[in-house]
Amino acid sequence: MTLARLHSGLALLAQFTGEHNSLHPAGPQASGIEWLYWVVFWITFAAFVLVVAGFTRAAVRNRSSTSEMLPLVRDLEGDRRASWAVGTAVFITVLTLFAVLFMSIITGKKVEGLTSKNPVTIQITGHQWWWEAVYPNTQADQTITTANEIHVPVGKPVVILTNSADVIHSFWAPSVHGKRDLLPGYSSAFWIQIDKPGTYAGRCAEFCGLQHAHMGFSIVAEDQDTFQRWEAQQLKPAVEPNSSETVRGRQVFLTHACVMCHTIRGTDAGSRMGPDLTHVGSRRMIAAETLPNTPGALAAWIIDPQRSKPGNKMAPNLLNPGDLGALVTYLGTLQ
Amino acid sequence: MKQAGERPVLDVSGLPSVAFGRSNTSWLGNVFYMLIEGTMFALLFASYFYLRTRSSSWPPFQSPPYAVYGIANALLFAFSLIPARLAQRVAPSGDRQKIRLALLGLGAFAVANLVLRGFELTSLNCRWYENAYGSILWSLVGLHTGHLITELVETMSLAGVSFTRSMEGTRLADVAINSDYWYFVVVTAFLMDVIVYGTTRFL
Amino acid sequence: MSQQVAVPESTREPILARTWRQPGGFWGWFQNVHHTAIGVRFMVTAFIFFLLGGVLAAIMRWQLATPEHGVIGPDLYNQIFTVHGSTMIFLFAVPMMFQGFGVYLVPLICGTRNIAFPRLNAFSYYVYLVGGLLLWAGLLLRTGADAGWFAYVPLSGPEFTPGKRSDFWAQMITFTEVSALGVAVSIATTILRYRAPGMTLNRMPLILWEKLVISMAVIFAMPAVMVVSYMLLMDRTINTQFFNPAVGGDVLLYQHLFWFFGHPEVYIIFLPGTAIASTVIPVFCRRHIFGYVPIVTSVVATGILGFGVWVHHMFATGLPQMSESFFTAATLMIVIPTAVQFYCWMATIWHGRLQLMLPMLWMFGFFFVFLIGGLSGVMLASVPLNWQVHDTFFVVAHFHYVLIGGALFPMFAGLYFWIPKITGRMMNTLLGKVHFWLFFAGFNITFFTMHFLGLRGMPRRVYTYGPEMHWEGLNLLASSGVLLMATGVIVFIVNFFHSKSRGRLAGPNPWGAGSLEWAVSSPPPAYNFLELPTVNGREPLWDALPNQPVVTGLRDDIPEVLVTNSLDSEPQHRDELPPASIWPFLAAIAVSVAFIWSIFSPWGVAYGAIPVAATLLGWLWPRGHSPSPRVPEEV
Amino acid sequence: MPELDKTVRRGGAPVFIWWALASGPLAWTFDLGLSYALTQHSCSTGHYYLLHVITVVCAGIALSGLACAWSAHTSLPPEATEQGRRPLDRTYFQVLFGLVFSLAFVVAIIAEAVPRWILSPCD
């Protein structure tokens, strides 16, 4: 009872509004680690209390308030008793450490033990400073390419393949799993599963340069139907412009610097330097979770990306207001 | 402090003022420096084998170093142990003539080793900027060559001192310590040869 | 041991003072090779770097106090945290705890007149100073290193950090490592060769054991960082390909080599703290330390086990889980020796007569703070937990608890304990207590809070964060603690300058301590000991016989010390130490020119080697004949 | 043990006492180094037993040090003290050191063995 309350109290102290907290797990991996955290926390807490109590008792026991130089103590009997006490304490310490070792390894095995015959596979590539997410498929036209916003089905194992395009990044959504480094020259795989529908935030956890602070992503966990609808939507080429404004927007896109870096499938824009924008309108946030995906924020971003994310690789675009408005409207239609 | 009237004392005036061998402080300092540099070599060796695991073929797409100069140099290193040991043997006697001869002999070997090392560098069949294999290979040979040059300078300096009357006392012990360091250079040379010429053929 | 009547002191003292005198004046400053002077220089310089590093920390906390705070931009922030970390580790913690305390204290505690290789020791100081200035010059010119204190490749490599930023960092490493290695060789040789007769292996004061272990750890760990920083430098300057995956290079090689140095480094910083603890606690508990043998074995075991835990910095890289778990096991096992030491200290206090004077107060701060750091270390040792908290503010909290708890608290204990020896005057107790409580409170406010930030997902090394993360309250709290810590340190500085001129005179042994440095006047004379002491127990002054013998027969007219053997400290021979000299300084300058030149051109190494060789020859060139023939003898 | 007596009187320490001091750290270093280096090898070849062999051999090395320390401990003359001035006393200290050290590293080697009881090298 009391333990449970204390628990929730401590959890409250370390709490956060929802989706970015290693103590608010949303799936078996983060839950396993959370369980281990609390077990080890209480063990170390007990050790802390015992040692502090020991030092306090030792300090008050024979405390002498004089600052005169006292004669030396020679206490053989005390030494003998202390030997037993220290010996016992060391023995208990060793046993406790072995217990922690066992629990840690067993938890590690459990957390990594997830597997499935036919999982959703996501290839994550770290870029300075955004995340490329590819849902690979043997058929090229069945491959989804998106950025920063990952969709996964609830309750299904998902395998994440990692890679880096430049420096070391680290993929970390604390409510879902621990972090995994994305190393250039290495590709590795790990599994996640999310059991509660919702949006979970993640960030880059390995220092990767100027905009390490603004390298977020989100994982949207949704039920199987919604996920499949999302998949189907993402597989489509970009929406054809259906108004003069959006036609002009596409024209602006294709005739300005945008095409140097971005892809919009179904148009001539095919560069992979920056995020794929084929379905950019469907995303909640832009610039690796730096700004909300609203027309205003998008326009501000296009005009001067260096303002909110100084140092990032996108150059300012001096568009006239009409072109800018058309471009933003067009991008907004790319659902 | 206390009165010095009737205190018992430990009189050390009869002890020698120079020691050869293990109780010499410079000998110990030299051992520590060999440990430091030995660790460096060991780490480079470890890096070499680590990089080996990251490559499918070894050497990657090139032929292994040409071994003839390396083998010749290894033989030369083996024979250079003779003057090194000789210098160590004659140092305690203080006989400047013999010390001078031994040191000059050792210096001559070091020069010859260095010349052969130059030929070795031309026949490694790779460049340090080509790939990681080239980088680690050149680092190994380069680190050892640095030691060889240092040791040559030290031997020649001691040989220079041996022409003066300053070659006495701790300088004699330094001659013996210099030979210890030469042994270290020779042993690392052998290990390096095994890696540079051996493992590139059999790994 | 023969019964003799010693030469009267009054006639010897001026002769010894002349023999060991170090030159004064401006040029004299660069010639001084006495260990007390060099030790104090290390301490003062390291403390100044500590203050500078602290200023950088304060700027970072100011920037992070509120979300989207615009005090400094990402570029400057990255330089600041890189220079903060590098300064605190390479320019403050090691030079202070190992070099400063070690160089000053070890010869005194051994009972000898100077450190072994005094010129190498002086050289080490200048090299360290130049390395520190180099790093800071980079920052002040706005081209400071900006890839973090461990400067992972490829971020620090030629492609992603063009310019000279990482080169400054890598060469600073070389400077400080050359310095630490030189001092390690000096200290280890002093301990193994210059101990007073009677100070056998089983009676060596614990601080000597720890300094010996640290020296060995330096000797085996520092080459790794030299190797790796040179690989980085060569990748950057002459296009080697160590870390380029496209042509067989490997980014994890860097991490392996760096942490093979980096983790022992933590123990190189922390063991001096335990050395101070094992020295201070018996004095203020008025009894010998409990558990000498277990503490010695613990210290040695820590030094060895410290080399087998480096992979726990790389748990998130995706190595096989079994490989990682070996290092979990090793990391958990290294808790045991530290626990043993804690229990032994507790038993010493328990069965002693505690006098809670200033150094002891800081010791209790050390117990409390380091304990928390050690226990959160247990969490970090676990592979799955590490996946969550690695590279977050939880880790920032953890290592500040370990390093500030394990080094800074003992450092202040040691300073309050030994400053009376160094300056000859006592520190003010009231100001000392104010310092302690301000620092202790501020520290815990700042860093305990960071545990929660880490668990709530705040990664380290971010220059800002958005309000939507809801981190602002905790960050503001963490930043506010800095004010208390800074005030505490200012109080310490005031206390130091006040006591230096007006403090109560300390006398040789104000604390009634038992080790040999307290047998000489405060500050110690140029020759340290008028008569070299002999030793009759682990606490030489406490265990001395009523008529403990002294050593005679060393010459007073040349700087001579007694060499004893390692195991039983039996007198072996007499050794003449070199006098003051300008050459170590000139050699340091030559080496610095070569190192800095090599950043800009590979030929710097070749051309720079010429003045280096010249100055080394000048350094080592014979000083003419001894006044009397010196007899070599096989011992 | 006559060898002990002779060497200690000379002021050295017999080889088996140095072995008691060195065997633990050496065994543990080999255990950790070999296990780490051979994990992937034992996964790819399927020779999982290899890792257990390493444990047994290394624990054996450390235990041999413990045995040396123990036999020296029993054969030391009773007048040896932990704090004394004589080479004998210093040897006694080394023996105590060796006992604690070998035991500690045996424990460390057992801890290193735990992962291979639970995990497979291919995890």
Side-chain angles (χ1 to χ4, degrees), chain B residues 1 4-26 28-29 32-33 35-37 39-40 42-44 47 50-51 54-55 60 91-92 94 128-136 138-139 149 153 157 161 164-173, chain C residues 1-6 8-9 116-117 181 184-185 188-189 192-193 197 219-220 223-224 226-227 234 238-242 244 247-250 253 256-257 530-531 534 547 549-554 562-563 565 571-576 613 617 620 622 624-626 630-635:
Chain B
M1 289 212 343
E6 303 296 317
R7 297 186 73 180
V9 295
L10 175 67
D11 187 6
V12 298
S13 56
L15 292 177
S17 61
V18 179
F20 282 88
R22 285 191 293 166
S23 73
N24 186 300
T25 45
S26 300
L28 190 61
F32 287 135
Y33 272 97
L35 282 178
I36 291 167
E37 279 140 31
T39 311
M40 276 187 167
L43 289 165
L44 282 186
S47 305
Y50 182 89
L51 288 171
R54 301 288 302 154
S55 191
W128 62 89
Y129 48 78
E130 280 166 15
N131 50 30
Y133 158 80
S135 306
I136 188 74
W138 275 81
S139 302
I149 294 172
V153 172
S157 312
V161 175
T164 72
R165 284 176 54 218
S166 296
M167 181 47 80
E168 49 98 43
T170 48
R171 295 289 141 189
L172 298 173
Chain C
M1 206 174 288
S2 55
Q3 292 280 337
Q4 273 189 5
V5 177
E9 288 180 13
F117 315 125
L181 285 167
V185 170
T189 308
L192 292 177
R193 288 290 183 271
I219 283 170
F220 287 112
M226 297 259 286
V227 164
M234 290 193 295
I238 57 168
N239 302 320
T240 57
Q241 308 287 343
F242 287 107
N244 182 358
V247 285
D250 186 79
L253 174 64
H256 278 295
L257 285 171
L530 186 63
E531 289 154 321
T534 65
N547 58 349
V550 291
V551 175
T552 61
L554 285 180
L562 178 64
V563 178
N565 72 354
Q572 300 267 300
H573 65 101
R574 295 172 291 130
D575 201 11
E576 185 189 339
L617 277 181
L620 297 169
H625 305 292
S626 313
R630 284 147 56 85
V631 211
E633 206 169 288
E634 192 89 47
V635 179

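In what follows, every chain begins at residue 1, and chains take the letters A, B, ... in the order their sequences are listed.
Looking at A116(C), neither its backbone nor its side chain comes within 4.5 Å of chain B, counting heavy atoms on both sides. When heavy atoms are compared at a cutoff of 4.5 Å, E130(B) approaches chain C solely by way of its backbone atoms N, CA, C and O. Of the two parts of V12(B), the backbone and the side chain both hold a non-hydrogen atom closer than 4.5 Å to a non-hydrogen atom of chain C. Heavy atoms closer than 4.5 Å to chain B are found in the side chain of P197(C), but not in its backbone. If you measure heavy-atom distances from S47(B) to chain C, the contacts under 4.5 Å come from both the backbone and the side chain. Of the two parts of F242(C), the backbone and the side chain both hold a non-hydrogen atom closer than 4.5 Å to a non-hydrogen atom of chain B. Within the 4.5 angstrom heavy-atom criterion, no atom of I149(B) approaches chain C. Heavy atoms closer than 4.5 Å to chain B are found in the side chain of L257(C), but not in its backbone. Contacts of A188(C) with chain B are made by both backbone and side-chain atoms, with heavy-atom separations under 4.5 Å. At a 4.5 Å heavy-atom cutoff, the contact between S26(B) and chain C is made by backbone and side-chain atoms alike.
Heavy-atom pairs under 4.5 Å with chain B were tallied for N239(C), L562(C), L253(C), I238(C); the largest tally goes to L253(C). Listed options V563(C), V551(C), N244(C) were ranked by heavy-atom pairs under 4.5 angstrom with chain B; first place goes to V551(C). Heavy-atom pairs under 4.5 Å with chain C were tallied for V153(B), I136(B), L44(B); the largest tally goes to I136(B).
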Apply side-chain contact (heavy atoms from CB on, under 4.5 Å) to the pair F32(B) and T189(C), showing each step before the final yes or no.
CA-CA 9 Å; F32(B) 287 135; T189(C) 308; 3.5 Å; yes
Check the pair L554(C) / R574(C) against side-chain contact (heavy atoms from CB on, under 4.5 Å), numbers first and verdict last.
CA-CA 7 Å; L554(C) 285 180; R574(C) 295 172 291 130; 3.5 Å; yes
One pair to check against side-chain contact (heavy atoms from CB on, under 4.5 Å): S139(B) and M234(C). What are the steps and the verdict?
CA-CA 10 Å; S139(B) 302; M234(C) 290 193 295; 3.6 Å; yes
Residue pair F220(C), L35(B): steps toward the side-chain contact (heavy atoms from CB on, under 4.5 Å) verdict:
CA-CA 7 Å; F220(C) 287 112; L35(B) 282 178; 3.9 Å; yes
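The nearest pair of heavy atoms linking V161(B) to R171(B) is CG1-CD, 4.3 Å.
Using a 4.5 Å heavy-atom threshold, the side chains of V185(C) and F117(C) count as touching. Within the 4.5 Å cutoff, no side-chain heavy atoms of V18(B) are placed close to those of L172(B).
Atom CG in N565(C) sits 4.5 Å away from atom CD in Q572(C) (nearest 0.5 Å).
Here the side chain of S135(B) pairs a donor or acceptor atom with the backbone of W128(B) at under 3.5 angstrom.
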